[in-house]
Protein chains: 2
Amino acid sequence: MAEVRNIDTRERILDTAERLFMAHGYDGTSMRQITSEANVNLAAVNYHFGSKESLMQEVFRRRLDWLNDERMRVLDHLEAEAAGQPVKPSLIVDAFFGTLLRMADDKSRGGMTFLRLLGRTLTDPSEFIRAFLAHEYQHVMDRYKEALFRALPEVPKAEIVWRFHFMLGATSYAIAGTDALRLVTDWQIEAEDSVDRLDRLVPRLMSFLIGGLRAPLPQFS
Amino acid sequence: MAEVRNIDTRERILDTAERLFMAHGYDGTSMRQITSEANVNLAAVNYHFGSKESLMQEVFRRRLDWLNDERMRVLDHLEAEAAGQPVKPSLIVDAFFGTLLRMADDKSRGGMTFLRLLGRTLTDPSEFIRAFLAHEYQHVMDRYKEALFRALPEVPKAEIVWRFHFMLGATSYAIAGTDALRLVTDWQIEAEDSVDRLDRLVPRLMSFLIGGLRAPLPQFS
DNA sequence: CTATGATTCAAACGAACGTATGAATCACTT
DNA sequence: AAGTGATTCATACGTTCGTTTGAATCATAG
């Protein structure tokens with residue numbers, strides 16, 4: 001009997017939880033689903049993580065720590081290259097959203113599963129999740145807002161903040177990829193297969209985001 | 001004793017469910033919360049709606065029927081005015097998203113509560129909700145996609161569909177308004193109060209959406 | 001007033017939930 | 001080989017969930 005035991009129980013729980021939380025949401029996923037699909041004992045989650053809430057936080061922390069650090073590194077590098085001059089807006093947008101989207105190809109960092117989980121969770125109603133994400137993101141958001149302020153001195157700061165918000169929404173929704181409205185189904189244009197679609201999603205979304213960011217300012221009537 | 005009884009139990013359940021589903025999500029809201037806050041008996045929901053799922057569907061149908069009919073009417077009117085010529089893209093976008101956003105001011109149609117519920121639900125993981133929304137939206141989406149195809153003949157149809165998708169995401173996230181990342185907090189620019197913010201959200205979002213829709217086409221390297 | 005169908009009510013059902021417990025088993029040191 | 005702390009295990013606890021039931025109460029028509 002190939003009684004494999006303890007090939008990192010923690011990691012197997014995290015992987016399974018990530019996938020199930022993505023598919024059915026936090027409230028819609030039970031501990032018994034997680035532990036049974038991960039082939040671990042029911043009590044393993046509480047032993048290793050303490051509680052279901054802590055497990056959820058660890059699922060995110062495992063990915064977000066790297067992502068947000070990477071975002072900081074990339075922005076550091078861009079600002080160093082600019083040598084005091086403002087960084088181009090499109091480069092800032094790519095550093096924030098492109099770095100995120102390129103995780104889709106990196107299975108060792110969660111790949112598309114984590115991206116969809118993140119996209120869906122940004123609008124999750126659970127209080128503790130929102131609070132946790134807000135805390136994790138706070139300092140990165142501040143850095144990027146400041147960079148955009150300098151890059152677009154002629155645009156009111158309030159406008160930039162709002163447009164950052166809109167860009168987050170477009171990205172979140174794009175990667176959540178619920179096909180909630182079956183927008184993309186039964187549509188035979190260009191015969192793109194799913195692999196191709198993922199490859200082309202990044203430039204497509206980037207064009208859209210930059211277009212929105214640089215749009216003419218609204219006239220308040 | 002002002003023993004008020006049966007001032008439309010159904011409506012009171014729907015209003016309460018709408019508010020609670022918005023605040024805590026479908027799975028996060030229990031029948032007992034709903035019936036207790038609506039001051040009706042626990043069995044009332046099953047009596048009037050059959051099940052929790054049917055209640056959720058009725059919460060949406062009550063608002064979406066009017067919204068999507070109105071969207072159809074407005075597009076009918078625009079196309080009649082255009083007399084065979086394509087309708088301007090900005091008018092199409094306003095007919096779809098503006099009609100939605102202006103519900104925020106109409107308390108009789110759910111107001112901001114329903115808007116936030118809808119925004120959050122578009123990325124909800126529950127299977128039956130996504131299937132229901134897809135069905136409710138199908139014909140409206142098709143009409144609007146066709147209108148955009150005619151309005152932007154030089155843009156590949158696949159690109160238009162994707163950008164429609166992105167616009168939906170930006171809008172959904174903007175109205176979900178979770179402040180998930182506390183993007184808008186502790187920021188003292190322009191001293192906008194919340195009323196002002198809601199008023200100005202529509203033109204702000206519209207500028208962003210049109211900018212994204214009309215952005216230069218992406219170059220696939 | 002009485003009959004009838006619609007609605008409300010308190011109470012209970014079985015199932016599923018997150019968590020806790022204490023014994024059994026593992027990996028590893030001495 | 002014995003001991004020790006980490007991990008896994010089966011099992012149970014108390015709670016909450018959505019739904020159901022059958023009697024009580026309502027509104028209304030004959």
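First the proteins, then the strands, lettered A, B, ... as listed; each starts at 1. Values below: all heavy atoms of this structure, side chains included; hydrogens, waters and symmetry mates excluded.
Distance A:K52 NZ to C:dA16 C1': 11 Å, rounded to the nearest Å. If you take CG of A:D8 and P of C:dA27, they are 14 Å apart, rounded to a whole angstrom. Separating the CZ atom of B:R10 from the P atom of C:dA6 is a distance of 15 Å, rounded to the nearest angstrom. A:I13 places its CD1 atom 14 Å from the C1' atom of C:dT19, with the value rounded to the nearest Å. As rounded to whole Å, 16 Å separates atom C1' of C:dA20 from atom NE2 of A:H48. In this entry the distance linking CE of A:M56 with P of C:dC17 reads 17 Å, nearest Å. Between the C1' atom of C:dG18 and the CG atom of B:D27 lies a distance of 15 Å, rounded to the nearest Å. Rounded to whole Å, atom P of D:dT19 lies 5 Å from atom CE of B:M31.
Within the structure, a side-chain polar atom (N or O) of B:S30 is placed less than 4.0 Å from OP1 or OP2 of D:dC17. Phosphate proximity of D:dA10 to A:N41: present, with a side-chain N or O under 4.0 Å from OP1 or OP2. Regarding contacts with the backbone of C:dG18, every side-chain N or O of A:N46 stays at 4.0 angstrom or more from both OP1 and OP2. Contact between the side-chain N/O atoms of A:S51 and the OP1/OP2 oxygens of C:dG18 is not found at any separation under 4.0 Å.
Salt bridge status for A:R143 with A:D76: present, with a side-chain N to carboxylate O gap under 4.0 Å. One finds a salt bridge joining B:E11 and B:R62 here, because a Lys/Arg side-chain nitrogen approaches an Asp/Glu carboxylate oxygen to under 4.0 Å.
Contact check for B:L213 versus B:F164: no side-chain heavy atoms found under the 4.5 Å cut-off.
Within the nucleic acid shown, A:T35 has no heavy atom closer than 4.0 Å to any nucleic acid atom.
Of the candidate nucleotides C:dG18, C:dA12, C:dT8, C:dT8 has the atom nearest to the side chain of B:T9. The side chain of A:Y47 approaches D:dA6 more closely than any other nucleotide in the set D:dG18, D:dA6, C:dC17. The side chain of B:L42 lies closest to C:dA11, out of C:dA11, D:dT8, C:dT19.
Residue-to-nucleotide proximity on DNA chain C shows that, of A:A43 and A:Q33, the 5′-proximal contact is made by A:Q33.
Between A:Y137 and A:F96, the angle of the ring planes lies from 30° to 60°, which puts this pair in the tilted group. Between A:Y26 and A:F21, the angle of the ring planes lies from 30° to 60°, which puts this pair in the tilted group.
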